[in-house]
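Before any comments, here is the structure.
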Amino acid sequence: MPGRVGLVTDSTSSIPASLAAQWGITVVPTQIRIGDHVRAEHNVPTEVLVRALEGNMDVATSAPDPAGFRWAYEDLAARGADEVISVHISSRQSETYEIARKAAAQSRVPVHVVDSGTTGMSLGYAVLAAARVAGAGGGARRVMDALAKRLEGSAELIYVDTLEYLRKGGRIGAATAMLGSALSLKPLLTMINGQVAPLARALGTERALRKLVDTAVQRANGRTVDIAIEHFGAEARAGKLASRVKARLPEAREITFTEVSSTIGVHLGPGAVGITVSPT
């Protein structure tokens, strides 16, 4: 199919599998190690990972296997793509972008590798927007424009029970200033310049979640937006958050409820919830 643009991302985009399949997006999995066992993240059940984290087992994450990118690009080329856009988690959080670049250099079709500067459904919604343009016959430039527009306007708003998991994983960024806070002060985080950064603190979980919703409403600012409610081992908490968001943001075009990528979950810890605000 001449002119066809293929889309590739990594699993930290947190795109539900049904949506990835619907829009023909290839998702290359990141990897999780528990003890001496390394597996693609989709092969590690969330409940197993939560137990491992809560049991203080040795858990770590790593970028996708380079062969996964080579296979993804070759498969899209074999299916008729003559260009590929490959969009990934912030290079300040992972080696994924660099690994994708090296694989792209070996591809038989041009591959445009993009550092999204973010993760989660801020990345996911941008890739979905790009896939819709590609699916409508748009060329690489139009697809890239759609991608850039979504990435520029999106916000990740995150609640964690503790910063300890981010500290262990070395992903804490500017939020390190919040370490050492009283246990009753719950941190809210965001992504700035590709790194996890402090957003606010609140006394207790309930106040923190209310503040998270208030901030989402402020970021939406009356615009038509897509909203994602993401969680890691905290479905009930996220469900309550989703109900509040729906009531406060009736202008939302789409609300996606999803479990965040397990790779992200390892660094945020069990109980984490987040809201993605993505202007359309």
Side-chain angles (χ1 to χ4, degrees), residues 12-14 30 49-50 53 59 61 88-94 96 115-126 151-220 225 227-235 237-238 240-242 244-245 248 256-278:
T12 68
S13 61
S14 303
T30 52
L49 192 52
V50 168
L53 290 167
V59 179
T61 65
H88 301 291
I89 181 176
S90 167
S91 61
R92 301 184 75 177
Q93 296 290 307
S94 170
T96 301
D115 177 356
S116 72
T118 190
T119 189
M121 280 297 291
S122 282
L123 169 56
Y125 272 137
L151 288 173
E152 182 180 1
S154 290
E156 284 287 310
L157 310 172
I158 306 160
Y159 164 89
V160 293
D161 278 329
T162 172
L163 292 170
E164 186 61 18
Y165 295 101
L166 280 165
R167 186 196 64 77
K168 285 181 179 178
R171 264 71 169 188
I172 198 165
T176 187
M178 301 174 80
L179 283 170
S181 298
L183 292 176
S184 56
L185 284 174
K186 296 297 183 179
L188 300 180
L189 308 168
T190 189
M191 293 286 292
I192 297 177
N193 296 327
Q195 287 192 303
V196 176
L199 179 65
R201 282 180 285 195
L203 189 60
T205 297
E206 181 59 29
R207 290 183 181 180
L209 295 179
R210 286 203 299 266
K211 192 169 188 66
L212 199 69
V213 174
D214 289 343
T215 305
V217 172
Q218 292 167 9
R219 295 294 178 93
V225 295
I227 296 289
I229 308 297
E230 301 157 87
H231 73 92
F232 182 62
E235 187 171 356
R237 179 179 284 172
K240 183 183 295 185
L241 198 65
R244 293 176 179 179
V245 169
R248 296 282 303 279
T256 300
F257 187 90
T258 186
E259 191 152 59
V260 76
S261 156
S262 293
T263 292
I264 297 174
V266 167
H267 298 291
L268 297 182
V273 293
I275 304 174
T276 296
V277 180
S278 182

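A donor-acceptor pair under 3.5 Å is formed between the side chain of Arg92 and the backbone N or O of Asn193. Put simply, the side chain of Ser116 gets close to the backbone of His88: a donor and an acceptor are under 3.5 Å apart. Remark: the backbone N or O of Ile227 is paired with a side-chain donor or acceptor of Tyr125 at under 3.5 angstrom. Judged by distance alone, with hydrogens and angles left aside, the side-chain atoms of Glu156 form a donor-acceptor pair with the main-chain N or O of Ser122 at under 3.5 Å. Of the possible polar contacts, none joining the Lys186 side chain to the Leu203 backbone as a donor-acceptor pair under 3.5 Å is found.
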Would you tabulate the side-chain donor-acceptor contacts of residues 207-217 under 3.5 Å, counting partners in other chains and residues two or more places apart, or write 'none'?
from, atom 1, to, atom 2, distance (Å)
Asp214, OD1, Arg248, NH1, 3.0
Asp214, OD1, Arg248, NH2, 3.4
Thr215, OG1, Lys211, O, 2.8

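Under the side-chain contact (heavy atoms from CB on, under 4.5 Å) criterion, Ala242 pairs with Ile229, Phe257, not counting sequence neighbours. Residues satisfying the side-chain hydrogen bond (donor to acceptor under 3.5 Å, both in side chains) criterion with Thr118, sequence neighbours excluded, are absent altogether. Residues meeting the side-chain contact (heavy atoms from CB on, under 4.5 Å) test with Ser14, sequence neighbours left out: Met121, Glu230, Val260, Ser261, Ile264. Taking Leu49 as the reference, Ile32, Ile34, Val44, Leu53, Val59, Phe232, Ser262, Val266 meet the side-chain contact (heavy atoms from CB on, under 4.5 Å) condition, with sequence neighbours excluded. Residues forming a side-chain hydrogen bond (donor to acceptor under 3.5 Å, both in side chains) with Ser278 (at least two apart in sequence, or on another chain): Arg150, Ser154. Looking at residues two or more places apart in sequence or on another chain, you find no salt bridge (charged side-chain N to carboxylate O under 4.0 Å, His left out) involving Arg219.
With a 4.5 Å cut-off on side-chain heavy atoms, Leu189 and Leu163 count as touching.
Residue Glu235 places its CD atom among 12 or fewer non-hydrogen atoms of other residues, nucleotides or ligands, all under 6.0 Å distant.
Ile89 approaches Ser94 most closely through the heavy-atom pair CG2-CB, 3.7 Å. Taking each heavy atom of Gly233 and Val50 in turn, the nearest pair found is CA-CG2, 4.4 Å.
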